[in-house]
Amino acid sequence: MDATQPIAFAELTIVAQREEQDRFAELVTRQSRFVFRVAYAVLRNPADAEDVVQETFFKLHRTGAWATMEDECAFLARAAWRLAVDRLPKRAHGPMIERSVASHEQDVLHEDFAARVHRLIDALPEELRQPLALSAVEELNSRQIAAMLEIPEGTVRTRIMRARQILKEKLRHA
C-alpha cells in the first residue's frame, strides 16, 4: 500500500463534503423564500415564519433528507407546513366571540377591500384556510397540497371551493 493513498482519500473526502455543502447552500438560496411563504401562510407572522424556515433547513441538513428529495417543492412545503402547524397556538374548539355588528360595520367602512379579504381569510377554519392559502398565495396545485396535508386531492379541491364560497358570501353581506 502506498503512503500517498490515505492522503488522497482524505482530500477526496474533504472535496466531497465541500460539494455537498455547496449543494445544500444552493438549495437554501433557491427555496428559502418559498419555505417562508408556506410558513407565513400558516402562521401569519413574519418572525415565526422565519424561525420555521431556519428550523426546516436545519432539520433537513441534520437528517440528510434533502439529498434524497424527489419533488423538492412538495417535500419542502410539507416539512415547513408541519413545523408551522406545530407552532400554531392551541385554540379552543368552541365558537369565537363575534364582535358587535356596529363595530364590524365601522371596520368595513374604514378598511380597504384587501384588508377585509385578509381578515375574512384569517377567520376561516384552519382546514379551509390552509388549502386556500397554499393554492392562492403559494400557487401550489391540488396534488401538491394533498401531499402536504396528507388528505385526498378531491378533499383539497372541495375545501378550496368551500372556502371561496364562504368568502364570497361574507363579502356579499359585508
Side-chain angles (χ1 to χ4, degrees), residues 20-21 23-99 104 107 111-167 170-171:
E20 185 174 305
Q21 289 173 348
R23 283 192 357 254
F24 185 76
E26 289 171 6
L27 171 69
V28 172
T29 301
R30 187 173 60 250
Q31 296 291 0
S32 60
R33 288 183 55 92
F34 171 72
V35 172
F36 176 86
R37 291 192 325 258
V38 170
Y40 185 80
V42 173
L43 297 169
R44 311 299 284 173
N45 178 304
D48 289 343
E50 186 60 41
D51 288 345
V52 167
V53 171
Q54 291 177 12
E55 190 174 349
T56 299
F57 285 113
F58 175 74
K59 283 187 174 187
L60 286 175
H61 189 269
R62 187 187 65 206
T63 63
W66 66 275
T68 59
M69 291 186 293
E70 289 183 24
D71 184 344
E72 193 173 275
C73 285
F75 187 94
L76 290 170
R78 179 73 183 151
W81 180 81
R82 283 182 175 171
L83 291 171
V85 166
D86 287 345
R87 285 180 174 260
L88 284 173
K90 303 300 179 219
R91 296 182 181 163
H93 293 291
M96 292 176 32
I97 298 172
E98 296 289 327
R99 295 186 299 163
H104 177 70
D107 287 347
E111 293 178 25
D112 65 300
F113 182 75
R116 283 187 288 170
V117 171
H118 284 289
R119 190 180 74 248
L120 292 172
I121 290 171
D122 288 344
L124 288 171
E126 285 296 312
E127 69 178 19
L128 300 178
R129 186 179 66 78
Q130 289 178 354
L132 180 67
L134 292 170
S135 171
V137 177
E138 303 310 319
E139 299 177 358
L140 297 176
N141 62 40
S142 58
R143 181 185 50 80
Q144 292 169 317
I145 296 169
M148 279 180 53
L149 302 180
E150 296 179 334
I151 58 177
E153 191 174 341
T155 302
V156 169
R157 288 192 295 270
T158 300
R159 288 180 181 179
I160 291 170
M161 181 183 70
R162 182 70 182 125
R164 288 177 179 158
Q165 288 172 339
I166 291 170
L167 290 175
K170 289 188 179 201
L171 283 171

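- Between Ala80 and Thr56, the shortest heavy-atom contact is CA-OG1, 3.6 Å.
- Judged by distance alone, the side chain of Arg159 and the main-chain N or O of Arg129 form no donor-acceptor pair under 3.5 Å.
- Between the side chain of Gln144 and the main chain of Asn141, a donor-acceptor pair closer than 3.5 Å is present.
- Contact detail for Ala146 and Pro152: the closest heavy-atom pair is CB-C, 4.0 Å.
- Heavy-atom minimum distance, His61 versus Trp66: CA-CD1, 4.0 Å.
- No donor-acceptor pair under 3.5 Å is formed between the side chain of Arg37 and the backbone N or O of Leu134.
- In this structure the side chain of Phe57 reaches within 4.5 angstrom of the side chain of Leu76, judged on heavy atoms.
- Side chains of Leu83 and Arg87 form no contact here, defined as non-hydrogen atoms less than 4.5 Å apart.
- With contacts defined as side-chain heavy-atom distances shorter than 4.5 Å, the pair Thr68/Phe75 does not qualify.
- Here CD1 of Ile145 is found 9.5 Å from CD of Glu153. Values are rounded to the nearest 0.5 Å.
- Rounding to the nearest 0.5 Å places CD of Gln165 at 9.5 Å from OG1 of Thr158.
- Between Glu55 and Phe58, every side-chain heavy-atom pair lies at or beyond the 4.5 Å cut-off.
- Taken from CG in Leu88 to CG in Asn45, the straight-line distance is 11.0 Å, to the nearest 0.5 Å.
- For the atom pair CG of Leu132 and CD of Glu127, the computed distance is 13.0 Å after rounding to the nearest 0.5 Å.
- One distance of note links CG of Leu128 with CD1 of Ile121; it measures 11.5 Å at 0.5 Å rounding.
- Residues Ala39 and Val52 share a closest heavy-atom pair of CB-CG1, 3.7 Å.
- The existence of a salt bridge linking Arg82 and Glu150 is confirmed by a sub-4.0 Å separation between a basic side-chain nitrogen and an acidic carboxylate oxygen.
- For the pair Phe34 and Cys73, the tightest heavy-atom approach, listed with the atom from each and the gap, is CE2-O, 3.4 Å.
- Ion pairing between a basic and an acidic side chain is recognised when a charged N comes within 4.0 Å of a carboxylate O; Arg23 and Glu26 show no such pairing.
- Contact annotation: the side chain of Met69 approaches that of Leu27 to within less than 4.5 Å [non-hydrogen atoms, C-beta and beyond].
- When all heavy atoms of Ser135 and Ile160 are compared, the pair lying nearest together is CB-CD1, 3.6 Å.
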